Amino acid sequence: MALTDSIAINGSDTVPKLFMHRVANFSQKVAVREKEFGIWNEYTWDDWGTHAREIGLGLKSLGLGRSDVVSIASEINKEWLFTDLGIVCVGGICNGVYATDSPQQVKYLINDSGSKFYFAEDEEQLDKVLQVRDTTPTLEKIIIFDMEGLRDLDDEMCLSIEQLRELGRTYDEAHPSEWSNEVQKASPEDVIILTYTSGTTGRPKGAMITQRNMIFMMTCIQNCLSVYPTDRQLGFLPLAHIAGRMFYVYSVIEARSIVHLIEDPDTMINDICEVEPTVHFAVPRVWEKQHSLVTLKLKKSTKFAKSMYDFALKIGYARAERILLNLQVSVFIEALFKVCDFLVLRNIKRALGLDKCRWLSTAAAPIAPELIRWYWALGLPMYELYGQTECTGIATCNVESRRRLGSVGPAAKGIDVTLSAENEILICSPGVIKGYWNRPEQTADTIRQDWLYTGDIGRIDDDGFVYVVDRMKDIIITAGGKNITPSEIENHLKFSPYITDAVVIGDRRPYLTCMIMIDHDNVTQYAQETDVPFTNYESLCHTDEILDLIAQEVERVNQQFAQAETIKKFRLIDQLLDAEDEELTPTQKLKRNVISQKYASIIDKMYA
């Protein structure tokens with residue numbers, strides 16, 4: 001597929017046109033369910049269309065012009081979806097802000113994007129933008145989703161989402177053809193989304209995603225994974241992240257499926273069991289956490305239950321290995337698996353809320369192949385895919401007909417993937433972004449002659465399957481000249497129920513060391529069950545028993561690697577981190593550079 005080829009879905013070459021086609025033709029079909037106060041509320045395509053229309057025209061009444069930027073700072077909720085489409089349908093550009101961003105990050109994002117309007121979810125998000133508004137000259141209005149605690153707010157710069165919708169209704173009455181006119185003005189080359197990504201170096205950069213990029217990626221997801229109108233998804237990832245945006249907004253529009261938005265991250269386990277999604281995408285940390293839950297629960301089980309699980313899983317692995325190698329599963333193994341599934345494995349899948357899933361999918365970070373194999377052993381097909389914000393999502397994907405464990409799959413339809421002379425993964429695709437917002441030099445460095453230079457080292461086998469080795473900047477070359485890919489070691493460590501994340505250190509050093517972040521809940525539970533005394537998180541990380549526990553996990557991993565690749569010393573990060581701490585990305589991954597700098601003195605002592 002040439003980059004200039006016309007791409008359309010149901011005859012629509014832009015998102016606004018496709019969205020309005022859905023609203024017109026499936027008006028009474030449920031599109032969104034959101035849990036509030038324990039109740040799942042339903043919203044049809046007509047509801048979505050009405051809210052988007054009122055919000056979009058409300059913004060126009062306040063002066064929003066085509067290609068003006070509007071930022072949204074919020075956790076995932078229906079207002080995010082409604083506002084997103086309202087902005088896009090009247091020609092604006094929607095920029096997502098993580099709810100965990102600090103006031104200074106909010107200031108940077110508003111000023112860098114030139115945001116004219118800012119949507120704040122609640123009082124907490126409003127406080128952040130009010131702290132910096134005097135230094136954000138482009139900002140004109142702040143709109144608030146949830147007015148709880150703000151009923152007495154008297155600020156001429158602020159208004160509620162209900163007030164904005166009222167402005168939209170008034171504007172619509174005076175300009176009845178404006179909405180459809182704006183929808184028809186949309187061009188495939190229009191920028192509709194800014195997604196800020198730090199990339200390999202420097203300050204966050206706004207990736208410019210166009211109508212063409214998005215329409216192509218909507219077809220790409222369908223080609224790779226297949227989402228049906230009858231499918232149910234659970235929406236829990238932040239919508240400022242490209243993965244959450246793709247699966248919970250644009251894939252829903254393409255497939256006419258239903259997305260269920262969780263009430264709160266703390267209720268996710270209950271929510272997924274209630275929803276029983278039929279397709280489910282999540283980042284590796286979610287899959288690791290679910291595996292840990294099962295592992296720890298089994299430790300409390302009876303000897304008989306453990307033996308039943310071990311036997312069932314053994315049969316599951318035997319079946320999975322045949323499937324993953326594209327070999328025929330014997331009638332005997334298939335029959336035995338069905339019995340094991342009925343007696344054991346199905347209960348585990350139900351407890352995880354995954355019993356009805358046709359497929360699972362993972363991306364956004366490396367994942368241990370052993371973890372993927374475990375889900376296949378349960379009878380849950382899991383497909384690893386690969387992509388970046390800069391290609392609007394997917395570049396390669398394991399699919400039902402072509403899959404290879406350990407790889408991220410072959411290039412998706414319409415996408416070319418190759419390697420540079422330095423083995424950097426290069427992508428050519430209609431999904432490759434227009435560039436970085438107001439960053440022509442960085443755009444030219446990243447996108448050269450239609451090829452996206454990903455910054456990832458990889459390899460491609462003879463059958464076209466792509467393997468991501470590591471980030472170019474993260475490759476470790478030890479003092480002895482040994483090239484180490486730290487992500488492979490880190491993935492094995494994260495397979496432990498007691499380790500949330502790890503950063504392997506060793507560039508230009510004589511041996512490898514590691515900074516480890518323990519799983520707070522699981523390690524605390526272990527300490528309580530084994531009578532380990534501790535007073536807080538910091539003291540927990542310094543008890544001999546916990547250090548011994550983690551040492552055993554490190555040694556388990558060491559046994560799987562060559563001598564030069566083993567971890568000789570480690571330290572625990574004794575600060576309980578959350579998404580607002582600089583050490584973590586919005587998707588809860590440790591930032592290698594920040595850890596290396598912030599804990600430099602501790603790291604140096606491991607080499608003393």
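Note that this is a predicted model, so its numbers are computed, not measured. Note that these values count all heavy atoms, side chains included, but never hydrogens, waters or copies made by symmetry.
Cation-pi geometry between R373 and Y317 is not met at under 6.0 angstrom from the ring centre and within 45 degrees of the axis. Judged by the 6.0 Å distance and 45° axis criteria, R509 is positioned over the aromatic ring of Y607.
Taking F236 as the reference, H280 meet the ring pair (Phe, Tyr, Trp, His ring centres under 6.0 Å) condition, with sequence neighbours excluded. Scored by the salt bridge (charged side-chain N to carboxylate O under 4.0 Å, His left out) test, R448 finds D445 as partners (sequence neighbours excluded). Qualifying side chain to side chain contact (heavy atoms under 4.5 Å, CB included) partners for N491, counting only residues two or more places apart in sequence or in other chains: P366, A368, K494.
Taking the charged nitrogens against the carboxylate oxygens, R203 and D112 have no contact shorter than 4.0 Å, which rules out a salt bridge. A salt bridge links D341 to K349: at least one charged side-chain nitrogen sits closer than 4.0 Å to a carboxylate oxygen. Remark: R285 engages E288 in a salt bridge, criterion side-chain N to carboxylate O under 4.0 Å. Using a 4.0 Å cut-off between a side-chain N of Lys or Arg and a carboxylate O of Asp or Glu, K589 and E490 do not qualify as a salt bridge. Contact check on K598 versus E582 returns a salt bridge, with a Lys/Arg side-chain nitrogen under 4.0 Å from an Asp/Glu carboxylate oxygen.
Here the straight-line distance linking atom CG of L354 with atom SG of C273 works out to 8.0 Å at 0.5 Å rounding.
Side-chain atoms of T302 come within 3.5 Å of backbone N or O of A305 as a donor-acceptor pair. Distance alone, capped at 3.5 Å, is enough to place a donor-acceptor pair between the N558 side chain and the I567 backbone.
D310 and S307 form no side-chain donor-acceptor contact under 3.5 Å, judged by distance and modelled atom types alone. Residues Y436 and E390 have side chains that bring a donor and an acceptor to within less than 3.5 angstrom of each other.
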